[in-house]
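Here's the structure, in structure tokens; my notes come after.
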Amino acid sequence: MEKIKMTTPLVEMDGDEMTRILWKMIKEDLLEPYIDLKTEYYDLGLEHRNETNDQVTIDSALATKKYKVAVKCATITPNAARMEEYDLKEMWKSPNGTIRAILDGTVFRAPIVVKGIEPCVKNWKKPITIARHAYGDVYKGSEMKIPGAGKVELVYTAEDGSETRELVHEFDGPGIVQGMHNINKSIESFARSCFNYALDTKQDLWFATKDTISKKYDHTFKDIFQEIFDAEYAEKFKEAGIVYFYTLIDDAVARVMKSEGGYIWACKNYDGDVMSDMVSSAFGSLAMMTSVLVSPDGNYEYEAAHGTVQRHYYKHLKGEETSTNSVATIFAWTGALRKRGELDGNKELMEFADRLEKATIDTIEAGEMTKDLALITTIENPTVLNSEGFIKAIAKRL
């Protein structure tokens, strides 16, 4: 059989631990037999990021701007324990955060719905897509441990040297403080990405923050969304028969629980991080969630929404069997290949992505699945497959 040709490369960002093992299996068993795979490869494994002083992460994001489409494996964001384990030069920042800041995109995450994996929330009938702002807030924050009594202030020094000060807190003993920021330009991009995505997918859009408490920071998000909607999108939404509304984040959580799904829920960076895990877990599993970073100038970066599956990796290193769910990583590849095909007018590549997704879903619906799904499925007597066995079962169907 002649392999499907690619005209433009994908940017391929390799990752860490168990997901790195799955990455190799997916390429060897599901992609390379059928596609003459063209990628520009970047190793975002923690050792290599440390060797390059994290320059490789920046290079991979810039390559994404060049080629427009990237696919990314899960990566480690190091903490103190990882500093020691990997003998790191410094505690490198989240690669996802770095890439998002360079691409200035919005992350759209949606559950992969499969028969036999029923949502924990019984009234959820349709997927809920989380739109997560991908710049700033705690991910670009500055933090300080306060050793003792003293005053902490926010200070803004204008270009002319004049200062504006705002008291944060008068400490009477040790404590902690955090400064975070966002920029109007990025919030505007976030708003437009959300409105465009809602129109593309014909879904209602909700946006939620806590403007009653954060009267300047969160309120600015609310105001920018409303101004852009009124000026550019109100008529388009009316024509498409969809609605946009703003609500407080606590009210949104209550509404989400009672809804049927089938809409986009836009969240600030941290809220989106937390809520996408809640939504994906309640729909079945973190490994059953698609994630795509979309920038306003048309760059796309596809990834799995979960971590590197550290516990399984340590078992794998000991030669023990693992049953790790690779669905989200497979769907990161299919999303990227479909988008590459779409941008290049390569119908064969798009059709291949559809077939691989169907083969993956059909495998689960036929009762062959990894342990995490077998524990929650309504399918009787499922066959529990190990990490490699599951990918081989998909390959057989494909």
Side-chain angles (χ1 to χ4, degrees), residues 15 19 71-77 94-101 103 105-114 117 119-121 124-140 182 186-187 190-191 193-194 197-198 201 203-210 218 221 247-257 259-295 300-309 325-332 335-336 372-373 376:
T19 43
V71 59
K72 182 181 171 295
C73 183
T75 46
I76 293 167
T77 299
S94 156
N96 290 349
T98 301
I99 293 162
R100 285 172 199 145
L103 296 180
T106 297
V107 180
F108 293 93
R109 289 182 173 168
I112 299 158
V113 179
V114 180
I117 310 295
C120 298
V121 182
W124 285 359
K125 308 270 191 297
K126 301 171 199 159
I128 295 165
T129 302
I130 299 285
R132 173 185 171 187
H133 187 212
Y135 177 81
D137 302 347
V138 295
Y139 303 87
K140 281 274 175 190
N182 226 296
S186 181
I187 301 167
F190 173 40
S193 292
C194 291
Y197 200 79
T201 58
Q203 293 184 92
D204 290 346
L205 174 68
W206 306 8
F207 179 45
T209 71
K210 193 71 174 172
D218 281 22
F221 276 83
T247 183
L248 286 170
I249 187 92
D250 39 348
D251 180 40
V253 171
R255 283 181 186 229
V256 162
M257 286 300 159
S259 76
E260 282 196 348
Y263 47 83
I264 300 161
W265 177 12
C267 296
K268 284 167 57 206
N269 209 343
Y270 178 76
D271 298 340
D273 195 357
V274 175
M275 295 310 172
S276 63
D277 276 24
M278 180 199 74
V279 166
S280 61
S281 179
F283 266 100
S285 165
L286 258 181
M288 300 290 286
M289 188 90 165
T290 62
S291 181
V292 55
L293 175 73
V294 183
S295 75
Y300 297 81
E301 184 241 330
Y302 295 82
E303 61 178 337
H306 57 72
T308 56
V309 205
N325 190 333
S326 50
V327 172
T329 309
I330 292 167
F331 272 65
D372 61 319
L373 298 182
I376 58 169

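As a basis for the values below, the full set of heavy atoms in this structure was taken, side chains included, without hydrogen atoms, waters or symmetry mates.
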Among Asp271, Thr209, Leu248, find the residue that satisfies the side chain to side chain contact (heavy atoms under 4.5 Å, CB included) test when tested with Asp218.
Thr209
Considering residues at least two apart in sequence or located in another chain, which fulfil the ring pair (Phe, Tyr, Trp, His ring centres under 6.0 Å) criterion with Tyr302?
none
So does Ala110 get a backbone contact from the side chain of Thr290, meaning a donor-acceptor N/O pair under 3.5 Å?
yes
Check Val107, Asn269, Thr106 against Phe190 for a side chain to side chain contact (heavy atoms under 4.5 Å, CB included) and give me the one that passes.
Thr106
So do the side chains of Met289 and Asp277 get within less than 4.5 Å of each other, counting heavy atoms only?
no
As a quick check of understanding, evaluate side-chain contact (heavy atoms from CB on, under 4.5 Å) for Lys210 and Asp250, giving each step before the final call.
CA-CA 8 Å; Lys210 193 71 174 172; Asp250 39 348; 2.9 Å; yes
Side-chain donor-acceptor pair under 3.5 Å between Ser186 and His133, yes or no?
yes
pair Phe331-Val292: side-chain heavy atoms closer than 4.5 Å:
no
Check ring pair (Phe, Tyr, Trp, His ring centres under 6.0 Å) between Phe283 and all other residues, then give those that pass, not counting sequence neighbours.
Trp124
Donor-acceptor pair, side chain of Ser276 and main chain of Asp273, under 3.5 angstrom:
yes
Quick one: do Arg109 and Arg132 satisfy side-chain contact (heavy atoms from CB on, under 4.5 Å)? Show the steps, please.
CA-CA 8 Å; Arg109 289 182 173 168; Arg132 173 185 171 187; 3.8 Å; yes
Just wondering, do Ile249 and Lys268 contact through their side chains at under 4.5 Å, heavy atoms?
no
Quick one: do Thr19 and His306 satisfy side-chain contact (heavy atoms from CB on, under 4.5 Å)? Show the steps, please.
CA-CA 9 Å; Thr19 43; His306 57 72; 3.6 Å; yes
